[in-house]
Amino acid sequence: MALRGLLRLGEVAIRVLDMSAAREHYGRRLGLHEVMQGEGGRVYYKAWDEHDHHCLVLREADSAGMDYFAFKVYDDATLTELAPKIEAFGLKVEHIAAGVYPHSGRRLQFRLPSGHLMQLYAHKEQTGNTLGTRNPGVMPDEGVIRGCRINRLDHCLLGGPNIDQNARLFREVFEFDLSERLIDVDSEASLALFLSCSTKPHDIAFVLQPEEARFHHVSFLLESTHDVIHAADLIGKYRIPVDVGPNRHGVTRGATIYFFDPSGNRNEVFSGGYVHYPDTPTLTWDTSELGAATFAQDNIPRESFLTVLT
């Protein structure tokens, strides 16, 4: 599959209540690599097997949640092509100059119908994964892979109203596929929508919530289901609060653990899931099978999973 247009979720910016506790969590426990401290005390992280400079930005604030999320696009021409299309959809686009965001080229910024702030960028400094690009080998030096053994940032789930309008933007303007959806069994109304711009089951998802701009979770990919169990052992050892897991989703089929950072922001580590192609049909779940859709190993829906967002 030749990926063009939007490539992947490249950056998520999260608010935390205590930066010292957050650095312990994301750096030492999850095993992300701190790459810089920036303006306003922001702290920047990358996963080991990512080439771009950073994927996660932490900002200390009075409330938890997400400031913005950003997708990387194929090239600068893609940004130029997308700006009028986003405006034609009805969203106001702000143009942000290169260098305003550290190690990053120019960006487009706009607010989704659900209230979330989204950015697009084409360029970010590439610092590599320590292996190099010629005769790189298959594994880095000891200590590069650590903590929960996270490979990369994968996706996020966001909550708010108007999720059908969000999905229309992602499908009509950004050319995503609607890979899966959860609907109400009686009204057929959309409750959660999963969208892919790649061969993954989803690159972003939206869940219906009455309040705008809510943050459900940020998800990090692990190499294998064995690493999911390793992460569960670490989470237990360090008494990190767990929401659900280890378990397996019906939606996406991924092996998963959901847990909380010290500020109450939900994190996920997962592995697996099916391969999605553009001709894969949309899979539909309804609320008669809510337990199986969310957690397929015990078929039990969790109230906290459906209602706790920051």
Side-chain angles (χ1 to χ4, degrees), residues 8-9 12 69 112 114 116 152-171 174 176-209 214-222 224-225 227-228 231-232 242-260 266-309:
R8 62 180 177 274
L9 180 66
V12 177
F69 71 99
L112 299 181
S114 58
H116 298 93
R152 60 172 167 82
L153 174 68
D154 192 80
H155 67 268
C156 57
L157 173 57
L158 308 176
N162 306 316
I163 62 172
D164 286 309
Q165 290 92 316
N166 280 5
R168 190 165 68 85
L169 170 71
F170 276 79
R171 298 180 75 184
F174 301 146
F176 279 53
D177 298 325
L178 181 63
S179 55
E180 301 201 44
R181 60 180 184 148
L182 172 67
I183 62 173
D184 182 83
V185 67
D186 296 317
S187 68
E188 300 274 308
S190 300
L191 300 179
L193 302 170
F194 301 82
L195 296 127
S196 175
C197 64
S198 65
T199 58
K200 301 183 324 191
H202 62 324
D203 291 278
I204 192 165
F206 298 99
V207 60
L208 186 65
Q209 292 287 308
R214 303 294 281 173
F215 177 65
H216 190 278
H217 72 267
V218 60
S219 185
F220 301 99
L221 180 71
L222 305 185
S224 67
T225 53
D227 285 332
V228 174
V242 174
D243 187 18
V244 188
N247 212 306
R248 188 179 186 189
H249 287 305
V251 175
T252 78
R253 304 183 201 162
T256 179
I257 310 170
Y258 288 97
F259 52 98
F260 295 100
R266 187 186 280 101
N267 300 159
E268 180 190 25
V269 289
F270 90 103
S271 182
Y274 58 85
V275 176
H276 172 85
Y277 288 102
D279 64 340
T280 303
T282 298
L283 306 178
T284 299
W285 298 81
D286 65 51
T287 47
S288 70
E289 288 288 346
L290 183 59
T294 50
F295 300 106
Q297 290 184 331
D298 57 21
N299 302 313
I300 299 173
R302 273 71 167 182
E303 183 178 358
S304 62
F305 184 75
L306 302 173
T307 60
V308 175
L309 296 89

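The analysis underlying the following values was restricted to heavy atoms, covering all of them including side chains, and did not include hydrogens, waters or symmetry mates. Residues take their numbers from the sequence shown, with the count starting at 1.
Taking both residues in full, the closest heavy atoms of Val185 and Thr287 are given as N-OG1, 3.0 Å, listed atom of the first, atom of the second, then distance. Between Leu222 and Asp227, the shortest heavy-atom contact is CD1-O, 3.5 Å. Nearest heavy atoms, Asp203 versus Ser198: OD2-OG, 2.9 Å. Listed here is the closest heavy atom pair of Phe215 and Leu158: CD1-CD2, 3.9 Å. Nearest approach of Ser196 to Pro201, heavy atoms of both residues: CB-O, 4.0 Å. Nearest heavy atoms, Ala232 versus Pro246: CB-CG, 3.7 Å.
Between Phe69 and His116, the two ring planes are perpendicular [angle over 60°; tilted spans 30° to 60°].
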Test His217 against Asn267 for side-chain contact (heavy atoms from CB on, under 4.5 Å), laying out the working first.
CA-CA 5 Å; His217 72 267; Asn267 300 159; over 6 Å; no
side-chain contact (heavy atoms from CB on, under 4.5 Å) between Asn247 and Asp298, intermediate numbers included:
CA-CA 8 Å; Asn247 212 306; Asp298 57 21; 3.3 Å; yes
Could you walk me through whether Leu193 and Leu178 pass the side-chain contact (heavy atoms from CB on, under 4.5 Å) test, one step at a time?
CA-CA 7 Å; Leu193 302 170; Leu178 181 63; 4.1 Å; yes
Can you check side-chain contact (heavy atoms from CB on, under 4.5 Å) on Thr256 and Val244, steps first, answer last?
CA-CA 8 Å; Thr256 179; Val244 188; over 6 Å; no
Run Arg171 and Asp177 through salt bridge (Lys or Arg N to Asp or Glu O under 4.0 Å) and show every step you take.
CA-CA 6 Å; Arg171 298 180 75 184; Asp177 298 325; over 6 Å; no
Using the rule given for side chain to side chain donor-acceptor pair (under 3.5 Å), can you reason through Ser114 versus Asn162, listing the C-alpha separation, both sets of side-chain angles and the distance that settles it, and then say yes or no?
CA-CA 5 Å; Ser114 58; Asn162 306 316; over 6 Å; no
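Atom-to-atom distance recorded for Leu195:CG and Glu180:CD is 11.0 Å, nearest 0.5 angstrom. Taking CG of Leu182 as the start and CG of Leu290 as the end, the distance is 6.0 Å to the nearest 0.5 Å. Note: Asp243 CG to Phe305 CZ = 7.0 Å, rounded to the nearest 0.5 Å. To the nearest 0.5 Å, atom SG of residue Cys156 and atom NE2 of residue His202 are 9.0 Å apart. With rounding to the nearest 0.5 Å, the separation of OG in Ser190 from CD1 in Ile183 is 7.5 Å. One distance of note links CG of Leu208 with CZ of Arg214; it measures 13.5 Å at 0.5 Å rounding.
For the ring-ring contact (aromatic ring centres under 6.0 Å, His included) with His155, the qualifying choice from Phe270, Phe176, Phe194 is Phe270, the only one to do so.
Under a cut-off of 6.0 angstrom, the local environment of CZ in Arg248 is sparse, with at most 12 non-hydrogen atoms contributed by other residues, nucleotides or ligands.
Remark: the backbone N or O of Tyr277 is paired with a side-chain donor or acceptor of Thr280 at under 3.5 angstrom. Of the possible donor and acceptor atoms, none in the side chain of His276 sits under 3.5 Å from a partner among the backbone N and O of Lys200. A donor-acceptor pair is defined here as one N or O able to donate and one able to accept, closer than 3.5 Å; no such pair exists between the side chain of Glu268 and the backbone of Phe220. His216 contributes no side-chain N or O that, together with a main-chain N or O of Ala205, makes up a donor-acceptor pair within less than 3.5 Å.
Side-chain contact check for Leu191 versus Val207: every heavy-atom pair is 4.5 Å or farther apart. Counting heavy atoms from C-beta on, the side chains of Ile163 and Gln165 never come closer than 4.5 Å. Considering only heavy atoms from C-beta on, Leu9 stays 4.5 Å or farther from Ile204 through its side chain.
Applying the ring-ring contact (aromatic ring centres under 6.0 Å, His included) criterion to Phe260, with sequence neighbours excluded, gives no partner residue.
Stacking of Arg302 on the aromatic ring of Phe295 is recorded, both the 6.0 Å distance cut-off and the 45° axial limit being met.
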